[in-house]
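Order of the sequence lines fixes the chain letters, A, B, ..., with proteins taken first and strands second; residue numbering starts at 1 for each chain.
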There are 2 protein chains.
Amino acid sequence: MSLTSPFPLRLKQARTRKGLTQQQLGVLLGLDPNNASARMNQYERGKHAPDFTTLKRIAELLNVPVAWFYCEDDLEASIVDAAHQLTAEQKKALLAFIEKLKNQP
Amino acid sequence: MSLTSPFPLRLKQARTRKGLTQQQLGVLLGLDPNNASARMNQYERGKHAPDFTTLKRIAELLNVPVAWFYCEDDLEASIVDAAHQLTAEQKKALLAFIEKLKNQP
DNA sequence: TTGCAAACTAAGAAAACCTTAGTATACCTT
DNA sequence: AAGGTATACTAAGGTTTTCTTAGTTTGCAA
């Protein structure tokens, strides 16, 4: 992970938004309480990266789509987060709107 | 990676869209031509997952945002892909539109 | 200052990925 | 049909990473 992944920052954003400590989040994930704090800290500092199963569980607990963790730009992150809460019908309306945007100077 | 990551499928979608073989893509990434095929295949079959640096280079070569690889729903993937091609101004307009959508039955 | 909660870290054990050395499959061409 | 070639795919061991252990550091409140 020599290039910086957006994951550590996004993880911290979503965790603090929920008012959880690193250890609390780790325990909620089902990690061993003895090392929950160490592991979550390693993720949040970018020291290590979790596998997909862990990533998915974190996303569910924090109510964000997994893709949100990899948004490099804040505006894109907001869009992904907001779109995640729409119905399929609303998402289709959203796509149509984007197409209109693209065909406008 | 016991839960299935969307990455393998999205990788294949983006690679074939560009008309590249697994080996060609690997070589373009700067992988050793002797194992480029094996590695890309392992990614695409979900056998192994690349680190962020590799993920980012793949995304750039295939013209998608990294987040797109982690979209679990096709509609969300289309939105992320389309939004990626907008200007900051257009993204703001998009966010405003989403807020309107949410406040409508 | 002391006590405690939260954040953070080094280092070895454990698990994952990367490289090597192929095999399997599909599709042409002769 | 057989052979050749391009592409996809895989097992297994060496290498590199993560996970666990056992703490230290930081910040804040009593």
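Taking every side-chain heavy atom of Thr21(A) into account, dA7(C) is the closest of dC9(D), dT7(D), dA7(C).
The two residues Lys91(A) and Ala83(A) make their nearest non-hydrogen contact at CE-O, 3.4 Å.
Here dT5(D) presents its C1' atom at 13 Å from CD of Gln23(B), a figure rounded to the nearest Å. The CG-P distance, from Asn35(A) to dA11(C), rounds to 19 Å in whole Å. A straight line from CG of Leu31(B) to C1' of dT20(C) spans 15 Å, rounded to a whole angstrom. Rounded to whole Å, atom P of dC17(C) lies 14 Å from atom CZ of Phe52(A). Rounded to whole Å, the distance from CE on Met40(B) to C1' on dT19(C) is 15 Å. When rounded to the nearest whole Å, the span between CG of Leu20(A) and C1' of dA7(C) equals 15 Å. If you measure from atom NE2 of His48(A) to atom P of dA13(C), you get 15 Å, rounded to the nearest angstrom. With rounding to whole Å, Asp51(B) atom CG is found 8 Å from dT18(D) atom P.
Between the base of dT17(D) and the side chain of Gln42(A) there is no donor-acceptor pair shorter than 3.5 Å.
At a cut-off of 3.5 Å, with distance as the only test, no side-chain donor of Gln42(B) or Arg39(B) sits close to an acceptor on the other residue.
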In 5'-to-3' order, the base (B), backbone-only (S) or no-contact (-) status of each nucleotide in nucleotides 25-30 of chain D, using a 4.0 angstrom heavy-atom cut-off, is ------

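At distances below 3.5 Å, not a single donor-acceptor pair connects side-chain atoms of Asp81(B) with backbone N or O atoms of His84(B). At distances below 3.5 Å, at least one donor-acceptor pair connects side-chain atoms of Gln23(A) with backbone N or O atoms of Pro33(A).
The hydrophobic clustering, which links ILVMFWY residues whose side-chain heavy atoms are closer than 4.5 Å, places Phe7(A) and Leu9(A) apart.
Regarding contacts with the backbone of dA8(D), a side-chain N or O of Arg15(B) is found under 4.0 angstrom from either OP1 or OP2. Dashed line: the shortest gap from a side-chain N or O of Arg39(A) to OP1 or OP2 of dT18(D) is not under 4.0 Å. Applying the 4.0 Å criterion to OP1 and OP2 of dA7(C), one finds that Arg45(A) has every side-chain N and O outside that range. The side chain of Tyr43(A) places no N or O atom within less than 4.0 Å of a non-bridging phosphate oxygen (OP1 or OP2) of dT18(D).
Leu25(A) is listed as a side-chain neighbour of Leu62(A), based on a closest heavy-atom distance under 4.5 Å.
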**Item:** salt bridge (Lys or Arg N to Asp or Glu O under 4.0 Å) between Glu60(B) and Arg57(B), worked out
**Value:** CA-CA 5 Å; Glu60(B) 281 167 353; Arg57(B) 285 216 304 274; over 6 Å; no

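Closest-nucleotide positions on DNA chain C for Ser37(A) and Asn34(B) were compared, and the one nearer the 5' end corresponds to Ser37(A).
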